[in-house]
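Have a look at the structure below before the remarks.
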Amino acid sequence: MDVSEVSGVPPWFADHLREEGIESLYPPQAAAVDAGVADGESLVASVPTASGKTLVAQLAMLSAIDRGGTALYIVPLRALASEKREEFAAFEEYGLSVGVTTGSYEDTGEWLADKDIIVATSEKVDSLVRNGAPWIDDLDCVVADEVHLVDDEHRGPTLEVTLAKLRRVNPNLQVVALSATVGNAGEMAEWLDAELVDSSWRPIELRKGVHYGQALHFGDGTQQELPVQRTEKPTEAVVRETLDEGGSTLVFVNSRRNAEGAAKRLAKTTVDGLDADERAALSSLAEEIRAVSDTETSDDLADCVEQGAAFHHAGCSSEHRSLVEDAFRDRLIKTICATPTLAAGVNTPARRVVVRDWRRYSGDAGGMQPLSVLEVHQMMGRAGRPGRDPYGEAVLLADSHDELDELLDRYVWADPEPVESKLAREPSMRTHLLATVASGFADSRSALLSFLDRTLYATQYRHGDGEDNLERVVDTTLSYLETNGFIDRDGDAIEATDLGHTVSRLYLDPMSAAEIIDGLADAASPTAMGLYQLVARTPDMYELYLRSGDREEYTMLAYEREAELLGELPSEFEEGRFEDWLSALKTARMLEDWASELDEDDIAERYGVGPGDIRGKVDTAEWLLGAAESLASEQDLADVSAIREARKRVEHGVGEELIDLAGVRGVGRKRARRLYDAGIETRADLRNADKSVVLAALRGREQTAENVLEAAGHQQPEMDGVTPDADVKESAAAAGTDDGQANLGDF
DNA sequence: TAAAATAACGTCTAGACAGCATGTC
DNA sequence: CTAGACGTTATTTTA
């Protein structure tokens, strides 16, 4: 089908596509048009990665906008929100406006209601619905990207319930659900009352196979020689061979340590194939990586990158990750060894994909578990760069004949599992039942049940795919919510209490709220440590692992600082609770270290985490402390200013005395400390400071000093002719570090 | 006797959304 | 109910 044959979309769109080199639609896209995506018809598109899902979404959104409507694009990750925003930015020259909103980032200036297209994460949409954002009622088209994630135990129910709410508010809403190929696309279509396009067509061929011995065994029965030398491992052989053909390789492994280890080994392979230009470009990239953060992870990554290899996992900071992704797309980095972060994240296609580990440790299951077919297919789907490679190849590795057969059976020839609603699990129920009641979607038990009838769970139950736990879980959850004062019940009727409304609005898990309220209730003026431990033991915070030896260390710490900890220390004999308490304590001490200006690399080493983990914990703590602050002031619980101070301290990573200074733009934890040690203790001091002292404290960086003074509101920030004051000494704390600012910025 | 090969043992284990009010180097 | 890769240290084998 030619692009100009599509009716319903604005006329410029065909021209725009032709400019991009797109003349005709791919078969699944044509099928979507035939199904009516451009005429407001709802659609489930279950198609492989890189087969043009985004264009289907664009057809739907643009035709809706052409009819005078607005569109919402829901993504599962913040990184994807920015990626989509970039993609849609091209429409701005045709007069459309695009906005993004996620928890950490809101589009500048204008209110989102003015936008034609809004990109948001599913949680953000949920939150906006709860808070009654006005434009939610005026949506005409909603695109849900990666909708197979409704299968996810933690975040799936949010998407499921949010879609149900959006459809309830806008009865004529067009829903376009984009999914990877799954086992039950038809069921999803039934749930959403949508047409179905279920296709395995790909623009470039993807050959899936298993490497065993000296050859690749493809699913279609063909074989291809791929010799492994005696000194190397199969992964190295694949990378080497791909490199010889001028292609890059993505290697998926099952742990961070393996990712780093494999990257270090593969660097020895990739380094041989680099030309002089590449070496130069890579070494400047390595410098950029080193500058991101002064940690071992950062150095290790830079060392690999210099040789053309990289690792990628959640311990890397977001800057690390995007630098690596970009360089891989530019074909500068030849191989990335990654944990599943990369499979779900932004687009990083490669000639070959190696799924090295097909089992992963799972604490719940008590051992190594095979990955799901869906997940392996998602990884494999990264093979083949449209317009660049003639085909993509994705291989698993076997080291016995039996394993070869098993892998072919299990992953190469297998169809992905059906996606299964996880709605009827208590943790998500707590949150969503409260939110549904609080935001007025249901005012009784029966209304709640009939609302839940619009979910995938109900559709699947009707098919007899599982027993109906829903009613039972609803009842236990409602009594939990009632006991803890989030709702009031009167017979069938249900009403959210003031507290319930607040908790729903704050986007807190009610159990977290209960824990916080309980903890604050018995401490009038809590310490920072106490507050950190309190929010760390909340279900909204993933705690740090307790490693061997930690148990002892943190048990001692728990008794040492028992007076500060909020709530009652569980008994050592309550295995689970005590362990949780200790890992929360470990997390808390990490936050305390951060808020005591300990260097990032010291924290990384002390807790065995990467810069990305520190950032994550700090972020979550900041958010939860903000929520605690709201709860404390509304419920009149504890000293609100103590909570605010603890929050400010994690936010900036500084001691109490630096909070004021660190609030100045351009002043982070390191610069604030230097200024303070030079006698400039507050924002007001800075405003009236002696310029030569400021310059000396900032180690003679004139431009920096000028910017800082300007941000503080100094009368004459210009530094011309100012010489550093010789009396200002390097403080011990600040000495030795390079550039000053601790870098924990967002991407 | 020292170095190298091998066995035994211990450790560790993926990911990442959200409030609110304004501005990171 | 369920594991396996990797690093470190102890033990045996080899030159």
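Basis for what follows: all heavy atoms, side chains included, without hydrogens, waters or symmetry-related copies. Here the structure is a predicted model, which is why all the values come from computation and not from measurement. Residue numbers start from 1 in every chain, and the chains themselves are labelled A, B, ... in the order their sequence lines are given, proteins ahead of strands.
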Review point. Between R290(A) and E287(A), is there a side-chain N and carboxylate O pair less than 4.0 Å apart?
Key: yes
Check your understanding: Just to confirm, is there a sub-4.0 Å distance from OP1 or OP2 of dC17(B) to any side-chain nitrogen or oxygen of T102(A)?
Key -> no
Practice item. For G616(A), answer base if it contacts any base atom (sugar-phosphate contacts may also be present), sugar-phosphate if it contacts only those atoms, and nothing otherwise; contact means non-hydrogen atoms under 4.0 Å. Key: nothing
Practice item. Could you tell me whether D300(A) and K264(A) have a side-chain N and a carboxylate O separated by less than 4.0 Å? Key: yes
Exercise for review: Using atom OH of Y105(A) as one end and atom P of dG19(B) as the other, report the distance to the nearest whole Å.
Suggested key: 16 Å
Check your understanding: Does a side-chain N-to-carboxylate-O contact under 4.0 Å join K617(A) and D613(A)?
Key -> no
Revision key, fill the gap. From the candidates dC17(B), dA18(B), dA14(B), the one with an atom nearest any side-chain atom of L77(A) is dC17(B)
Check your understanding: Quick one: is dC17(B) close enough that its OP1 or OP2 comes under 4.0 Å of any side-chain N or O from T121(A)?
Key -> no
Check your understanding: Can you tell me if the side-chain N/O atoms of T620(A) get under 4.0 Å from OP1 or OP2 in dC17(B)?
Key -> no
Check your understanding: Does a distance-only test, which skips hydrogens and angles, find a donor-acceptor pair under 3.5 Å between the side chain of R359(A) and the base of dA3(C)?
Key -> no
Practice item. Could you tell me whether R665(A) contacts a base, only the sugar-phosphate backbone, or nothing, with contacts defined as non-hydrogen atoms closer than 4.0 Å? Key: sugar-phosphate
Check your understanding: Contact class for A627(A) (heavy atom, under 4.0 Å): base, sugar-phosphate, or nothing?
Key -> nothing
Check your understanding: Quick one: is dC17(B) close enough that its OP1 or OP2 comes under 4.0 Å of any side-chain N or O from R78(A)?
Key -> yes
Review point. Taking the P atom of each, how far is dT2(C) from dC17(B), in whole Å?
Key: 34 Å
Check your understanding: Between R647(A) and E629(A), does at least one N-O distance fall below 4.0 Å, as a salt bridge requires?
Key -> yes
Review point. What is the nucleic acid contact for H313(A), judged by heavy atoms within less than 4.0 Å: base, sugar-phosphate only, or nothing?
Key: sugar-phosphate
Point to revise | Nearest-angstrom distance, P atom, dA5(C) to dA14(B) | key: 15 Å
Review point. Between dC20(B), dC17(B), dC12(B), which one does the side chain of N131(A) approach most closely?
Key: dC20(B)
**Study point:** Touch class at under 4.0 angstrom, heavy-atom based, for E629(A) against every strand present
**Key:** nothing
Check your understanding: With sugar-phosphate meaning primed atoms plus P, OP1 and OP2, does N258(A) contact a base, only sugar-phosphate, or nothing at under 4.0 Å between heavy atoms?
Key -> sugar-phosphate
Check your understanding: Considering only side-chain heavy atoms of E622(A), which listed nucleotide, dG19(B), dC17(B), dA3(C), is closest?
Key -> dG19(B)
Exercise for review: Looking only at non-hydrogen atoms, find the nearest pair between R665(A) and A711(A) and report the distance.
Suggested key: O-CB, 3.4 Å
Review point. Now, which nucleotide makes the Watson-Crick or G-U wobble pair with dC17(B), with each of the two distances under 3.5 Å?
Key: none
Exercise for review: Specify the separation, in whole Å, of atom CD of E123(A) and atom C1' of dA16(B).
Suggested key: 9 Å
Check your understanding: Looking at the side chain of Y361(A), which of dC17(B), dA14(B), dT13(B) is the nearest nucleotide?
Key -> dT13(B)
Check your understanding: So what stems show up for DNA chain C if we need 3 or more Watson-Crick or G-U pairs in a row, all under 3.5 Å?
Key -> B:1-13 with C:3-15
